[in-house]
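The structure appears right after this line, and notes come after that.
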Amino acid sequence: MSADRAAHVTASVVVPTGTTAADAVAQAGLPTHGPKAIVVVRDPGGDLRDLSWAADADTEVEPVAMDSPDGLNVLRHSTAHVMAQAVQDLYPEAKLGIGPPIENGFYYDFDVAAPFTPDDLAKIEKRMREIVKSGQRFSRRVYSSLEEAKAELASEPYKLELVDVKGDGVDTSEVMEVGGGELSVYDNLAADSDKRCWSDLCRGPHLPSTRLIGAFKLMRSAAAYWRGSEANPQLQRVYGTAWPAKDQLKDHLRLLEEAAKRDHRKLGSELDLFSFPEEIGSGLAVFHPKGGILRREMEGYSRLRHEESGYEFVNSPHITKAKLFETSGHLTWFAEGMYPPMDLEGAQYYLKPMNCPFHILIFRSRGRSYRELPLRLFEFGTVYRYEKSGVVHGLTRVRGLTMDDAHIFCSKEQMAGELKSLLRFVLDLLADYGLSDFYLELSTRDDTKAKFVGGFEEWEEATEALRQAAEESGLDLVPDPGGAAFYGPKISVQAKDAIGRTWQMSTIQVDFQLPPRFGLEYQAADGTRQRPIMIHRALFGSIERFVGVMTEHYAGAFPAWLAPVQAVCIPIRDDHVDYMNDFAASLRAERIRVEVDASDDRMQKKIRNAQQQKIPFMIIAGDQDVEAGTVSFRYRDGSQRNGVPLEEARAHVLEVVRSRANEGPSAA
RNA sequence: GCCGCCUUAGCUCAGUCGGUUAGAGCGGUGCUCUCGUAAAGCACAGGUCGUCGGUUCGAUUCCGACAGGCGGCUCCA
């Protein structure tokens with residue numbers, strides 16, 4: 001049981017034979033309304049049941065409160081139903097898709113003639129309020145047969161399709177509409193009569209009443225493919241959020257605002273870090289001087305760590321003749337992700353979408369001995385990928401990117417150890433940049449799907465080695481069956497940022513495809529020729545994405561060691577400029593990035609400017625400080641340290657920067 | 001790539017129901033002010049209203065295509 005869930009567990013109650021869960025909850029004196037209301041119960045089999053569920057034998061159940069993770073899902077799922085009812089009230093021709101709860105909210109898909117406008121959403125929201133207020137009851141009903149279900153759902157083509165999918169025995173566990181051993185429908189009944197207002201094919205469970213929906217808001221509408229496939233028609237998806245109480249909705253909206261303030265695209269231009277000039281093309285960034293410093297610092301520290309960990313640095317060109325990518329197989333399986341070729345002197349050249357083939361050629365440039373393994377080749381390699389126009393997004397999804405890419409060539413025997421130390425290395429390095437909350441995803445082969453390269457045993461061995469490395473890290477490991485590339489399984493490191501959003505960072509991938517394609521081999525101790533195992537890995541993913549993630553993680557207030565400008569000296573009057581220049585020069589001599597603001601702004605304005613630029617140290621001096629031979633610090637958090645002797649001030653800045661501390665600085 | 005929305009000064013945004021000189025704040029430049037912890041004052045410069053085409057006597061405004069952006073879907077470092 002997760003800690004999250006444990007915190008919400010209420011002592012179990014017994015539902016006596018022939019009575020309902022609601023009776024038992026009321027009997028136990030548990031809340032039945034308000035944000036902490038018990039909305040469903042968990043039966044001994046672990047399934048969630050409506051409060052109207054009746055026991056056919058004395059049954060011990062666990063009451064589930066609305067503000068628990070399961071309770072929130074129920075709330076949001078029920079709110080999705082309310083929304084669908086509102087939509088069909090207002091747009092009777094709308095056909096229903098699916099409407100599950102998601103993180104922080106829910107969505108529902110509709111087939112409508114025209115997409116929803118913001119005005120439509122406002123109308124839908126208004127209608128939803130009426131429904132919520134009217135206190136409709138959710139009532140479960142089970143279809144006695146497939147035919148009965150189909151007859152009732154005759155006007156809902158998508159629901160019919162779901163019923164049939166279920167009939168096919170396909171796993172539909174992720175579809176809320178159908179599940180378990182029966183087909184059920186939820187009727188919304190008017191509060192004071194048993195009049196049926198609306199129904200939806202659904203496995204439930206649901207809130208007892210719409211009145212329990214404390215707060216909700218429709219967020220946006222967008223198109224989504226039916227059942228997630230590009231080949232299917234697009235439905236209109238409406239996203240909403242729902243909470244047990246109004247304050248929680250407010251908090252959630254505040255969090256979204258906070259996230260918007262951290263948006264690296266916005267901060268990127270505010271802090272003059274990078275831009276995407278239209279003239280260059282979509283998804284192609286230029287880094288301005290300040291963004292350039294960020295990259296240089298990030299790359300520099302990474303280089304240092306790689307050097308210490310036995311990596312060798314290589315370089316490779318950005319374009320190559322087609323043959324290389326024919327050999328590697330990229331042109332057969334990655335062509336749609338590549339820029340089209342250019343014809344030169346009778347040959348076709350391609351921009352490289354990946355670095356691996358180049359590193360392979362370096363491995364193959366001469367005979368290799370087992371004594372050289374593991375051979376770790378590292379490069380900040382810039383690659384170009386033709387991303388579909390709709391997916392390009394800030395720095396996190398671009399068409400030109402620089403990977404901190406390495407390929408490790410090792411023997412089969414070395415693989416497990418190498419993976420283990422590699423994962424440790426990855427996590428340590430990310431932690432040095434201030435990311436510390438991780439989980440891992442293990443992407444494995446899905447045997448029911450596409451073809452795979454390599455034998456079953458190779459896959460097993462590599463997957464096991466990855467799994468062991470992951471497990472030894474002690475981090476949560478989320479399986480991602482079928483997520484592997486066809487040439488090998490992988491671990492990806494997901495990092496949570498300062499406000500809890502997760503980003504895919506590093507990937508560690510075992511490759512069975514390329515070594516044989518390029519005929520790689522080395523000479524073993526016994527004189528035989530062996531094929532090396534190849535591991536691909538990128539820690540930042542791409543420098544561009546990493547800059548974006550760091551920007552959002554720190555909300556632009558970078559740690560002093562990364563900050564493009566580490567200190568600004570602010571003279572209070574013109575005649576303090578020389579004093580500040582001298583002090584700045586003494587810092588600059590220690591490679592501190594320091595500026596003196598000698599503009600004719602008032603010092604309050606200079607502080608405001610430095611604050612907005614999120615500069616770690618503001619160093620101020622006026623008459624008092626000049627006379628005393630001191631300076632005064634103001635930090636980003638507004639805290640101050642006044643009258644610090646010059647030598648001490650200098651040592652303080654150096655200490656904070658050189659420690660690569662990711663917190664502060666602050667006087668606090 | 002698909003669906004919807006958006007594009008006016010370096011930035012954030014007004015505005016034009018199709019009609020002489022398109023506005024504001026910030027930012028920039030100049031001058032005045034010389035000031036102790038988040039915005040001193042004044043003045044000036046800056047826009048062929050994303051691009052191309054169409055409709056019209058006349059288009060920044062209406063229509064279309066394209067480019068770029070935003071939110072999703074699919075995909076992904």
Side-chain angles (χ1 to χ4, degrees), chain A residues 107 109 114-118 120 219-239 260 263 265-266 269-270 272 275-284 334 336-337 353-355 383 385-399 401-405 483 485 490 492-493 503-507 509 536-546 548-549 570-577 599-613 618-626 632-636 638-643:
Chain A
Y107 67 78
D109 290 342
F116 295 113
T117 65
D120 293 333
M219 304 302 285
R220 61 176 64 93
S221 68
Y225 297 107
W226 169 239
R227 297 181 63 203
S229 167
E230 249 176 320
N232 288 338
Q234 283 197 335
L235 306 182
Q236 292 303 312
R237 174 170 299 178
V238 179
Y239 286 91
D263 192 317
R265 295 164 299 186
K266 183 178 147 77
S269 62
E270 283 175 6
D272 198 14
S275 60
F276 295 89
E278 195 178 323
E279 292 83 344
I280 301 178
S282 181
L284 297 167
F334 201 70
E336 77 287 356
M354 294 189 190
N355 297 306
V383 299
R385 297 180 182 177
Y386 182 71
E387 298 288 350
K388 291 187 200 170
S389 60
V391 307
V392 170
H393 182 93
L395 284 178
T396 58
R397 195 74 182 274
V398 291
R399 285 177 169 171
L401 56 138
T402 303
M403 303 181 75
D404 60 328
D405 212 356
K490 72 170 174 196
S492 54
V493 178
W503 305 84
Q504 176 173 333
M505 308 297 315
S506 320
T507 56
Q509 190 144 13
H536 303 243
R537 40 115 293 179
L539 306 196
F540 294 154
S542 79
I543 311 299
E544 288 79 4
R545 171 178 288 181
F546 197 66
V549 172
I570 299 178
I572 285 179
R573 230 182 314 119
D574 267 3
D575 44 325
H576 306 127
V577 170
S599 70
D600 60 0
D601 283 327
R602 292 169 71 214
M603 63 91 71
Q604 285 87 341
K605 181 60 182 294
K606 293 179 184 181
I607 286 169
R608 177 180 155 88
N609 287 343
Q611 194 82 47
Q612 286 182 324
Q613 287 296 303
M618 281 169 253
I619 303 169
I620 301 168
D623 288 339
Q624 292 163 30
D625 278 305
V626 172
S632 296
F633 283 99
R634 180 194 163 97
Y635 303 94
R636 283 184 293 219
S639 62
Q640 304 178 22
R641 273 183 68 197
N642 296 331

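Lettering of chains follows the sequences in order, A, B, ..., and the numbering in each one begins at 1.
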Checklist entry - Among all residues two or more places apart in sequence or in another chain, which pass the ring pair (Phe, Tyr, Trp, His ring centres under 6.0 Å) test with A:Tyr386? => result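 For A:Tyr386 the ring pair (Phe, Tyr, Trp, His ring centres under 6.0 Å) partners, ignoring immediate neighbours, are A:Tyr339.
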Checklist entry - Residues in ring pair (Phe, Tyr, Trp, His ring centres under 6.0 Å) with A:Tyr107, at least two apart? => result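 Per chain and number, A:Tyr107 pairs via ring pair (Phe, Tyr, Trp, His ring centres under 6.0 Å) with A:Tyr239.
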Checklist outcome for this item: Sorted by position of nearest nucleotide on RNA chain B, 5' first, the leading residue of A:Glu230 and A:Gln624 is A:Gln624
Checklist entry - Toward the 5' end of RNA chain B, which comes first, A:Thr396 or A:Ser389, by nearest nucleotide? => result A:Ser389
Next on the checklist: Taking only the P atom of each, what is the distance from B:A45 to B:G23 in whole angstrom?
Outcome noted: 13 Å
Checklist entry - Among all residues two or more places apart in sequence or in another chain, which pass the side-chain hydrogen bond (donor to acceptor under 3.5 Å, both in side chains) test with A:Thr507? => result none
Item to check | Residues in side chain to side chain contact (heavy atoms under 4.5 Å, CB included) contact with A:Asp625, at least two apart in sequence or another chain | outcome: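 A:Asp625 satisfies side chain to side chain contact (heavy atoms under 4.5 Å, CB included) with A:Ala621, A:Thr630, A:Ser632 only.
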Next on the checklist: Going by side chain to side chain contact (heavy atoms under 4.5 Å, CB included), name the residues that satisfy it together with A:Ser269, two or more places apart in sequence or in a different chain.
Outcome noted: none
Across the strands shown, which category fits [X] at heavy-atom distances under 4.0 angstrom: base, sugar-phosphate, nothing?
| X | answer |
| --- | --- |
| A:Met505 | sugar-phosphate |
| A:Ser492 | nothing |
| A:Glu270 | nothing |
| A:Arg237 | sugar-phosphate |
| A:Asp601 | nothing |
| A:Lys266 | nothing |

Item to check | Contact check, side chains of A:Asp623 and A:His576, non-hydrogen atoms, under 4.5 Å | outcome: yes
By salt bridge (Lys or Arg N to Asp or Glu O under 4.0 Å) - contacts of [X] (at least two apart):
| X | result |
| --- | --- |
| A:Arg634 | none |
| A:Asp263 | A:Arg265 |
| A:Asp109 | A:Arg237 |
| A:Asp272 | none |

Next on the checklist: Heavy atoms within less than 4.0 Å of RNA chain B: which residues of residues 604-612 of chain A have one? Give them sorted by number.
Outcome noted: A:Gln604, A:Lys605, A:Ile607, A:Arg608, A:Gln611
Checklist entry - Are A:Arg385 and A:Glu544 within salt-bridge range, i.e. N to O under 4.0 Å? => result no
Next on the checklist: What is the first contacted nucleotide of RNA chain B and what is the last, in 5' to 3' order, if contact means an atom lying under 4.0 angstrom from a heavy atom of chain A?
Outcome noted: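 Endpoints of the contacted stretch of RNA chain B: B:G1 to B:A77.
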Next on the checklist: Stem finding on RNA chain B, please: runs of three or more consecutive Watson-Crick or G-U wobble pairs, both distances under 3.5 Å, sorted by first number.
Outcome noted: B:1-7 with B:67-73, B:10-13 with B:23-26, B:28-32 with B:40-44, B:50-54 with B:62-66
